[in-house]
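Throughout, protein chains are lettered first and strands after them, A, B, ... in sequence-line order, and every chain is numbered starting at 1. The figures here come from the full heavy-atom set of this structure, side chains too, leaving out hydrogens, waters and symmetry mates. Being a predicted model, the structure only gives us computed values, none of them experimental.
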Amino acid sequence: MLDLRYVVDHIDEVRAALSRRNPQTAASLDAITELAAQRRETISAVERKAAERNNANKEMSKLPKQSPEFIERREKLRIVSDEIKGLEKRKDEIESEISEILLGIPNLPDASTPTGSSEQDNPVIRTWGEKPLFDFEPKAHWDIGPALGIIDFERAAKLSGPRFAVMMGLGARLERALTTFMLDLAREHGYLEVLPPFLVKDTALRGTGQLPKFEQDLFKTRKSEVDESYDLFLIPTAEVPLTNLHANEILESSQLPLAYAAYTPCFRSEAGSYGKDVRGLIRQHQFDKVELVRFCTPEDSPSQHELLTSHAEQVLQRLGLHYRVITLCTGDLGFSANKTYDIEVWLPGLQAYREISSCSNFGDFQARRASIRYRDPQTKKPKLLHTLNGSGLAVGRTVVAVLEQFQCKDGSVRVPDALRPYLGVDRIASR
RNA sequence: GGAGGAGUGGCCGAGUGGUCGAAGGCAGCGGUUUUGAAAACCGCCGUACCGCAAGGUACCGGGGGUUCGAAUCCCUUCUCCUCCGCCA
């Protein structure tokens with residue numbers, strides 16, 4: 001969420017920044033200046049009346065009860081009190097109108113985020129490793145996995161419908177080995193391992209920015225037919241519980257930067273992605289991910305962003321998987337982020353680079369929504385901190401990359417050295 | 001699921017209709033004293049919003065209500081604790 005005061009004071013600048021994302025986004029700003037003025041006036045009016053009432057009440061307390069003067073004043077104050085209630089109601093209406101608008105406005109892109117309208121405009125900033133060469137036609141993982149008996153899409157469909165997979169044998173163990181490997185590496189990089197709840201309240205999703213705008217992307221639960229008040233959401237990413245860990249807190253600056261890593265399954269409805277990535281593990285309703293989240297001071301967030309991205313890259317480097325890093329342009333940038341690097345791994349079966357990690361700086365956007373602050377050592381006052389997160393990595397897509405980049409002519413898959421201690425074998429072959 | 005009890009500032013804890021944004025203690029910060037340290041003493045010590053400022057307003061788990069006036073009374077909801085039941 002953007003700061004109302006900042007938006008009103010810098011309306012042209014904000015409008016210009018939002019237009020870089022999309023010309024339409026800026027239009028939601030139109031009503032805000034007028035509403036902010038109304039809000040001020042109403043608050044002043046409420047407070048003037050309240051001060052009047054409070055003073056009068058102090059005098060009332062000195063008066064003998066049931067004296068004529070007491071009764072007379074009570075009648076007058078009853079009217080004042082009703083006026084205050086009316087004005088407060090008006091104030092609440094204006095404020096909820098404002099926050100409704102503000103909650104729907106995306107973050108301002110950072111100056112270093114390139115302008116562009118789609119993923120075509122995302123510049124590649126670096127590449128690591130090289131495309132593996134094959135003396136045969138490399139297969140896609142949806143052929144490799146089932147052939148090895150380690151991924152079963154058909155039985156998954158029987159259980160849960162499309163966009164699910166069953167991992168079996170070394171497939172299941174590969175998934176678990178990768179997860180453990182990633183968590184161990186994260187710990188090496190100084191992250192505190194966390195195992196959070198996988199179901200969260202709407203307030204948590206509001207804090208990170210998935211709600212109120214993107215409810216259609218989520219799975220929502222209900223405890224029973226009768227209890228409709230119990231609506232928890234399945235987390236779409238561990239970013240949600242991890243970032244909201246410190247919602248409504250004031251941290252000490254000595255605690256920063258904070259770094260958390262968590263493995264969780266992630267659940268996404270993938271509404272609106274019909275016909276996209278319908279085959280294979282790339283786009284599932286449920287997938288495993290190790291997520292890295294950092295909290296830091298505003299001054300530190302650009303360098304923390306680079307650091308976080310390097311941590312995610314090191315997972316791929318240790319596995320020996322070829323990838324490239326791109327900067328998302330304004331047209332492709334997520335709602336809450338001001339800058340994002342996507343790490344794209346090479347998938348020889350698909351002959352394409354595919355996102356395996358997304359590392360974002362959110363500035364104070366999420367911190368304002370979730371009210372996460374730290375005490376500024378200079379001013380001693382609470383101040384919004386900055387949040388960042390990145391996948392380290394999407395485990396399902398890492399399985400895909402391992403299967404495709406390390407596939408052999410005989411249909412087996414070589415296990416990367418770094419993973420052998422975790423998996424216990426050096427090759428995945430059909431039995 | 002049933003029966004009770006409790007939620008007050010960073011922490012502990014007083015407060016049961018007005019003078020309470022809230023006693024007292026601890027922690028923290030600044031100072032006096034001291035060769036230094038400790039102790040003692042003095043002062044400061046929540047957050048947000050409105051306002052150029054002076055100042056004002058709101059907040060005692062959340063929401064709603066009663067009242068001229070609510071931390072205090074009523075309703076509702078959440079969380080925690082104890083006992084019983086059930087359960088991986």
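For B:A48, the paired nucleotide is B:U57, the pair qualifying as Watson-Crick or G-U wobble because both relevant distances are below 3.5 Å. Look at B:G43: its Watson-Crick or wobble partner, with both distances under 3.5 angstrom, is B:C29. B:G18 and B:C68 make up a base pair, with Watson-Crick or G-U wobble contacts both under 3.5 Å. In this entry B:U34 has no Watson-Crick or G-U wobble partner, no candidate having both defining distances under 3.5 Å. Under the Watson-Crick and G-U wobble criteria, each requiring two contacts below 3.5 Å, nucleotide B:C83 is paired to B:G2.
Distances were taken from every side-chain heavy atom of A:Arg373 (C-beta onward) to each of B:C68, B:A58, B:U47; the shortest belongs to B:U47. When distances are taken from the side chain of A:Arg39 to each of B:G18, B:U47, B:C49, the shortest belongs to B:C49. Taking only side-chain atoms of A:Ala51, from C-beta outward, the nucleotide of B:G56, B:G69, B:C50 with the closest atom is B:G56.
The side chain of A:Arg40 contributes an N or O atom lying less than 4.0 Å from OP1 or OP2 of B:G51. At B:U19, none of the side-chain N or O atoms of A:Asn57 fall inside 4.0 Å of OP1 or OP2 (strictly under the cut-off). Between A:Arg5 and B:C49, a side-chain N or O to OP1/OP2 separation shorter than 4.0 Å is absent. The shortest distance between the side-chain N/O atoms of A:Lys91 and the OP1/OP2 oxygens of B:U57 is not below 4.0 Å. Taking side-chain N and O atoms only, A:Asn54 has a distance below 4.0 Å to OP1 or OP2 of B:U57.
Both A:Lys383 and A:Arg78 sit near RNA chain B, but only A:Lys383 has its closest nucleotide nearer the 5' end. Nearer to the 5' terminus of RNA chain B, by closest-nucleotide assignment, is the contact made by A:Ser44 (compared with the other of A:Ser44 and A:Glu52).
Separating the CE atom of A:Met60 from the C1' atom of B:G17 is a distance of 12 Å, rounded to the nearest angstrom. If you take CD of A:Glu41 and C1' of B:U57, they are 17 Å apart, rounded to a whole angstrom. Atoms CZ (A:Arg375) and P (B:G9) sit 15 Å apart, rounded to a whole Å. For A:Asn248 and B:G62, the CG to C1' distance is 12 Å, given to the nearest whole Å.
As rounded to the nearest Å, B:A3 and B:U77 have P atoms that lie 13 Å from one another. Rounded to the nearest Å, the gap between the C1' atom of B:C73 and that of B:U16 is 9 Å. Taking the C1' atoms as reference points, B:A22 lies 12 Å from B:U72, given to the whole Å. B:G15 and B:G1 have their C1' atoms separated by 37 Å, given to the nearest Å. For the P atoms, the distance from B:G63 to B:A70 is 15 Å, rounded to whole Å.
Using a 4.5 Å heavy-atom threshold, the side chains of A:Lys339 and A:Pro109 count as separate.
In this structure, the side chain of A:Glu75 does not engage the main chain of A:Glu72 through any donor-acceptor pair within 3.5 Å. With A:Glu13 contributing its side chain and A:Asp9 its backbone, the two residues share no donor-acceptor pair below 3.5 Å. In this structure a side-chain-to-backbone donor-acceptor pair under 3.5 Å is missing from A:Asp332 to A:Leu328.
Aromatic rings from A:His305 and A:Tyr341 are positioned such that their centres are separated by under 6.0 Å.
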Could you go through the salt bridge (charged side-chain N to carboxylate O under 4.0 Å, His left out) check for A:Glu193 and A:Arg187 one step at a time?
CA-CA 7 Å; A:Glu193 185 174 336; A:Arg187 195 178 51 187; 5.5 Å; no

